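These notes are about the structure you will find just below.
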Amino acid sequence: MEQIINQSVKQIAKAILKRELSSSEVVEAYLRRINEINPKLNAIVQLCEDSARSEALRADQSLSHGNVIGPLHGVPLTLKDSFDSAGIISAGGTLGRKDFIPTQDATILSRLRKNGAILIGKTNTPEFTLMYETNNLVYGQTNNPYDLSCSPGGSSGGAAAIIAAKGSPFDIGSDYGGSLRYPSHCCGITSIKPTSGRVPRTGHILPFGGVLDSFQQIGPMAKYVEDLEIILPLILGPDWVDPSIIPMPLGSSKKINVNKLRITFHTDNGIIPASPEISQMIRKIALMLSDSGIFIEEDRPNGIEQSYEIMMNLLSADGGASIKRLLQKSNTTEHSIPWLGLAKPFDATAFDALIMKWFRFKSMMTSFFKNYDVILSPVNAYPALSHGSIRDDLQAFSYTMTYNLTGWPVTVIRGGTSSEGLPIGLQIITQPWREDIALAIATYIEKELGEFQAPLI
């Protein structure tokens with residue numbers, strides 16, 4: 001079992017296709033691992049044991065006849081519970097949906113199944129994905145595998161925790177203000193938030209549409225960067241339902257010459273400085289790149305210091321009307337969204353001024369890329385926090401908020417370890433539609449840093 005669960009998605013897929021491993025063996029190894037660790041983590045909220053075993057058997061039989069379903073033939077995955085999965089309870093952390101069983105898969109799950117992937121479980125999320133820690137009234141709290149007294153982050157906290165603990169090779173998360181990136185930082189895994197407009201949100205509990213439509217992106221989470229490169233091309237592109245998806249080609253990271261990139265970094269966004277350990281980690285990586293002959297200098301975009309104020313105002317400008325709509329649609333009467341009653345609606349004049357401020361901010365941020373190809377920054381001002389303490393200082397999350405405001409692609413990799421033994425993540429930000437550059441530099445840094453200590457759980 002240990003040999004299987006230590007492998008990357010790419011390695012597992014290759015071993016299955018070469019008949020070195022069967023899909024049944026792989027699925028069984030991950031199911032055993034989940035049953036071993038999930039009582040401590042509470043990361044998996046629906047376990048699909050019977051269906052996963054049946055699908056794995058069919059995948060093996062299909063392969064024995066020379067039929068390959070796709071590049072993920074027989075590879076298991078878990079899926080954030082905010083996505084619909086046909087025939088499986090998809091609560092999204094809200095009580096009104098605690099028994100809700102969809103009849104149709106979310107677009108991303110449908111695409112992964114068509115490429116051979118097998119769903120083995122659903123992962124925990126805060127209610128409607130709207131908190132930075134993973135806890136809800138349906139399934140309760142998820143724990144960080146590096147320290148059970150700490151949060152794995154949110155909203156894709158269940159996904160990050162189970163991947164870090166080797167209970168899943170990959171998952172798909174969503175990101176409205178850092179929900180892919182922050183849990184990856186807390187749990188020491190990798191993820192990519194693609195450019196706004198890359199991946200359909202159809203079948204997600206927080207749907208597409210509205211003034212803030214461009215905030216929300218869907219992306220893969222895994223142990224290794226090479227896995228993101230396999231999964232992302234399989235889920236992107238129009239589904240002819242989500243109206244914001246653009247059929248932009250995805251470049252290959254293998255064609256990027258990292259040595260010709262112009263890179264900048266910062267450890268203070270003008271809102272809150274990163275902790276000394278996080279700052280030191282980024283400076284160490286910057287020095288490593290410089291020593292390799294890559295151009296890198298310390299700089300940050302003008303206007304980035306407005307990120308927190310603009311984001312928080314945009315989230316509250318409707319007075320909570322959009323969240324109330326979600327609660328009503330889900331038939332939820334008791335909820336766990338503490339800030340809902342605090343949102344005060346803007347009048348028309350103030351709202352217009354806010355939207356114009358947002359777009360001036362986006363323009364200032366965009367001009368920064370005249371001189372650079374890549375920005376390196378903290379994911380958060382702190383490593384993983386203890387349960388219940390996250391809402392004490394939301395400014396720490398401004399490092400991820402910035403890139404929901406811009407809609408730019410961001411890859412997160414592990415860059416170091418705190419003195420408490422907690423992972424520390426690094427954000428790699430690039431121009432719109434240049435995921436290939438983000439993945440290229442992520443691969444380069446990951447290789448240079450080598451393996452980190454997995455959680456001892």
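The figures that follow rest on heavy atoms only: side chains count, while hydrogens, waters and symmetry mates do not. Bear in mind that the values here come from a model prediction, so they are computed numbers and not experimental data.
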Query - T417 and R414: side chain donor to acceptor below 3.5 Å - result: yes

Query raised in the report: Got a sec, which residues hit salt bridge (charged side-chain N to carboxylate O under 4.0 Å, His left out) with E277, two or more places apart in sequence or on another chain?
Result: none

Query - Q141 and H387 side chains, donor-acceptor separation under 3.5 Å - result: yes

Query raised in the report: Is there a donor in the side chain of D242 and an acceptor in the side chain of T202, or the other way round, less than 3.5 Å apart?
Result: no

Query raised in the report: With a 3.5 Å cut-off and no angle check, do the side chains of N143 and K40 form a donor-acceptor pair?
Result: no

**Report entry** Short N-O contact, K193 and D175, less than 4.0 angstrom
**Finding:** no

**Report entry** Any donor-acceptor N or O pair under 3.5 Å, side chains R181, Q427
**Finding:** yes

Query raised in the report: Would you say the side chains of N269 and T402 form a donor-acceptor pair under 3.5 Å?
Result: no

Query raised in the report: Can S214 and S196 be counted as having a side-chain donor-acceptor contact under 3.5 angstrom?
Result: no

Requested in this report: With sequence neighbours left out, write down each residue that passes ring-ring contact (aromatic ring centres under 6.0 Å, His included) with Y176, or none if nothing qualifies.
Outcome: F215

Query raised in the report: So, S307 and Y403: side-chain donor and acceptor under 3.5 Å apart, yes or no?
Result: no

Requested in this report: Look at the side chain of N313 and the backbone N and O of E309, then say whether any donor-acceptor pair between them is shorter than 3.5 Å.
Outcome: yes

Query raised in the report: Are the side chains of Y146 and P423 in touch, meaning some heavy atoms are under 4.5 Å apart?
Result: yes

Report task. Determine yes or no for a side-chain-to-main-chain donor-acceptor pair under 3.5 angstrom, with R300 supplying the side chain and S377 the backbone. Result -> no

Query raised in the report: Does the side chain of S253 come under 3.5 Å of the side chain of E229 through a donor N or O and an acceptor N or O?
Result: yes

**Report entry** Polar contact flag, side-chain donor to acceptor under 3.5 angstrom, D299-Y372
**Finding:** yes

Requested in this report: Evaluate the ring planes of Y182 and Y132, with Trp represented by its six-membered ring, and classify them as parallel (under 30°), tilted (30 to 60°) or perpendicular (over 60°).
Outcome: perpendicular

Report task. Test the K80-F83 pair against the cation-pi criterion, namely NZ or CZ under 6.0 angstrom from the six-membered ring centroid and within 45° of the ring axis. Result -> no

Query raised in the report: Is R53 salt-bridged to E49, cutoff N-O under 4.0 Å?
Result: yes

Report task. Would you list the pairs meeting side chain to side chain donor-acceptor pair (under 3.5 Å) in which at least one residue belongs to residues 121-131, sequence neighbours left out? Result -> D81-K122, S85-K122, S90-K122, T94-E127, T123-D171, N124-N136, N124-T142, E127-S336

